[in-house]
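Here's the structure, in structure tokens; my notes come after.
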Number of protein chains: 2
Amino acid sequence: METCGASPLRPRERIIKTARDLFRKHGIRGVGVDTIAEQAGTNKMTLYRHFGSKDDLIIACLQDFANDAEAFWQSIEMSHPDSPMAQIHEWVRIVSECALDDLRGCDMANAAVELAEDAHPARHVIEEFKMAQRNRLAQLCRDAGIEKADQLADTLCLLIEGARVNMQSVGLEGPGARFISLAEDVIAAFAREKPERKPATLHRHASAKIKGRGQLHAPLPAANRA
Amino acid sequence: METCGASPLRPRERIIKTARDLFRKHGIRGVGVDTIAEQAGTNKMTLYRHFGSKDDLIIACLQDFANDAEAFWQSIEMSHPDSPMAQIHEWVRIVSECALDDLRGCDMANAAVELAEDAHPARHVIEEFKMAQRNRLAQLCRDAGIEKADQLADTLCLLIEGARVNMQSVGLEGPGARFISLAEDVIAAFAREKPERKPATLHRHASAKIKGRGQLHAPLPAANRA
DNA sequence: GAGGGGTGTTACCGGTCAGTAACAAAGCGC
DNA sequence: GCGCTTTGTTACTGACCGGTAACACCCCTC
């Protein structure tokens, strides 16, 4: 019956993994500490020795989630070490794959929905995480030589965020399931725009070689609005 | 202390309005039926006479929300009766205004997050609503003579959905708050693409006059992807 | 083998939850 | 006025919730 009962992990890690799993499946408010402890192959007392309250456990889960995201970014970087543009495409691919895996959306965003109180201690964890993700993507866009890097990052952020929440509402029938295609089109449109002058200095892990697919298109006037 | 206590509305309507308000503020699972009844200036028994269960009340709230959305679409249509493109811009404007009003996102999407069980009776209400909204927007895009109308509708859907959930996580500092600008750029890029041949027959409320702002831009090659 | 930290077990607390029973009162059409 | 429907009031149930107390146990280290 337990999900991590026979595991070599220490109770603390089992509790976090189990809690993340149950929170994701049933919602944070939809699962109690007793259930978490039992499913983790331990008991409520041990849980409360490691986490002073359910809120503490929630925060620990979100931080564990953030750690996973960190590893995800490193894998992205290693997949195409010298092509930021290829990393962007890899980001689209993997992030879409994760969203399609189950249809329960983003744990951070879900937590923001469920923990509605402004003062909830988890909220600043969520806020910092979301901002960091966006900035990381924006940096990647800059490294790729995208002229309007911040705008592309903003657009991609909203697209994936929207895709995750949309799939939670309508499953695979809605626009969320078509995220890859939509995102790639947006990237192509942004990559088509002419870079400033010098072919974009890479800010991080500098590499002069820019060979992203988007760069192969002919430059077109900026799609700026009024 | 009550929100609708002195209102001329009948208890049923007061309960629905109050429940919607409280659900939105504190989350569906974050407020009990006692609180709802009291805040609505009535009592739990009357609540349970009108709604057999809390789930029934939730569904009634979501349907009430859908009614409001219907009125919203009609106001959009009346704002620019003969210009679908202008209606799209109006849609962007109002939808963004609503999202910025409070930062609690979309009631339907929030409900999908909180009511995680696949079999929950509210889920098909949510699903139908979300699909109907997307299709309505897609029809508007077709009426506006957008070549890739469905793709634009999908993109705009994900952008606004993402904006709402993003603002719930990071407030006004993140990309969600820049939705209008991002959406307008996307619309401009799609409107710039050359319409098929004949200047797009209007399917509903036919009007030959197409004078949306996006049409003023020079036509550009399609932003199609691989 | 003694000690101690981490863990398990059981029982409990007060609070809140969704939902119900029984009865009283008020409004309203006739 | 009468009668019916709607509403209000109080009290209750049983379940579950987050959190704690007290005590026993196991395993590792010295």
Side-chain angles (χ1 to χ4, degrees), chain A residues 1-23 25-62 111 114-117 119-122, chain B residues 1-23 25-62 111 114-117 119-122:
Chain A
M1 191 62 77
E2 313 109 18
T3 58
C4 324
S7 155
L9 271 58
R10 306 275 288 177
R12 184 171 208 280
E13 313 309 317
R14 297 206 310 268
I15 291 170
I16 289 183
K17 298 302 178 192
T18 307
R20 280 186 59 186
D21 187 53
L22 292 176
F23 286 161
K25 273 187 197 146
H26 309 293
I28 293 177
R29 285 184 144 135
V31 56
V33 286
D34 294 89
T35 308
I36 295 170
E38 183 192 349
Q39 292 278 106
T42 177
N43 54 75
K44 194 160 55 166
M45 270 315 300
T46 300
L47 187 152
Y48 273 102
R49 286 189 192 109
H50 286 286
F51 311 95
S53 67
K54 188 182 181 183
D55 279 349
D56 285 0
L57 173 58
I58 292 169
I59 291 172
C61 286
L62 295 181
E114 289 207 77
L115 312 175
E117 315 101 70
H120 196 287
Chain B
M1 191 59 79
E2 313 109 18
T3 58
C4 325
S7 155
L9 270 59
R10 306 273 288 176
R12 184 172 207 278
E13 312 310 315
R14 296 205 311 267
I15 291 170
I16 290 183
K17 298 303 179 192
T18 306
R20 280 186 57 185
D21 187 53
L22 293 176
F23 286 163
K25 273 188 197 146
H26 310 292
I28 293 176
R29 286 183 144 136
V31 55
V33 285
D34 294 270
T35 308
I36 296 170
E38 183 192 347
Q39 292 280 104
T42 179
N43 54 75
K44 192 159 58 167
M45 270 314 300
T46 300
L47 188 152
Y48 273 101
R49 286 187 192 109
H50 286 287
F51 311 95
S53 68
K54 189 181 181 183
D55 279 349
D56 285 0
L57 174 57
I58 293 169
I59 291 173
C61 286
L62 295 180
E114 289 207 76
L115 311 175
E117 314 100 70
H120 195 287

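Numbered from 1 within each chain, the chains take letters A, B, ... in sequence-line order.
- The distance from atom CD of A:E13 to atom C1' of C:dT7 is 15 Å, rounded to the nearest whole Å.
- Annotation: of the two residues near DNA chain C, A:M45 and B:G32, the 5′-most nearest-nucleotide partner is A:M45.
- Look at CG on B:N43: it is 5 Å from C1' on D:dG8, rounded to the nearest Å.
- In this structure, B:K44 atom NZ and D:dA11 atom C1' are separated by 10 Å, rounded to whole Å.
- Applying the 4.0 Å criterion to OP1 and OP2 of D:dG8, one finds that B:T42 has a side-chain N or O inside that range.
- The shortest non-hydrogen separation linking A:S53 to A:Y48 is CA-CE2, 3.8 Å.
- Per the geometry, CZ belonging to B:R10 stands 14 Å off P belonging to D:dT5, to the nearest Å.
- If you check distances only, the side chain of A:R49 does reach the base of C:dG8 with a donor-acceptor pair under 3.5 Å.
- One interatomic measurement links the two molecules: CD of B:E38 to C1' of D:dT9, which rounds to 14 Å at whole-angstrom precision.
- Contact check on A:D21 versus A:K17 returns no salt bridge, with no Lys/Arg side-chain nitrogen under 4.0 Å from an Asp/Glu carboxylate oxygen.
- The CG-C1' distance, from B:D34 to D:dT10, rounds to 13 Å in whole Å.
- Put simply, CG on A:L47 is 17 Å from C1' on D:dA21, counting in whole angstrom units.
- Contact between the side-chain N/O atoms of A:T46 and the OP1/OP2 oxygens of C:dT7 is not found at any separation under 4.0 Å.
- Atom pair B:R12:CZ and D:dG8:C1' shows a separation of 19 Å (rounding to whole Å applied).
- The pair B:R14-B:E38 does not count as a salt bridge, with every side-chain nitrogen at least 4.0 angstrom from each carboxylate oxygen.
- Of all non-hydrogen atoms in A:K44 and A:V33, the two that sit nearest each other are CD-CG2, 3.7 Å.
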- [ ] Under the side chain to side chain contact (heavy atoms under 4.5 Å, CB included) rule, what do B:I28 and B:L115 come out as? Steps first, then yes or no, please.
- [x] CA-CA 9 Å; B:I28 293 176; B:L115 311 175; 4.3 Å; yes
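- Taking 3.5 Å as the limit, the base of D:dG19 and the side chain of A:K54 contain no donor-acceptor pair of atoms between them.
- Under 4.0 angstrom from either OP1 or OP2 of D:dT6 there lies no side-chain N or O belonging to B:H50.
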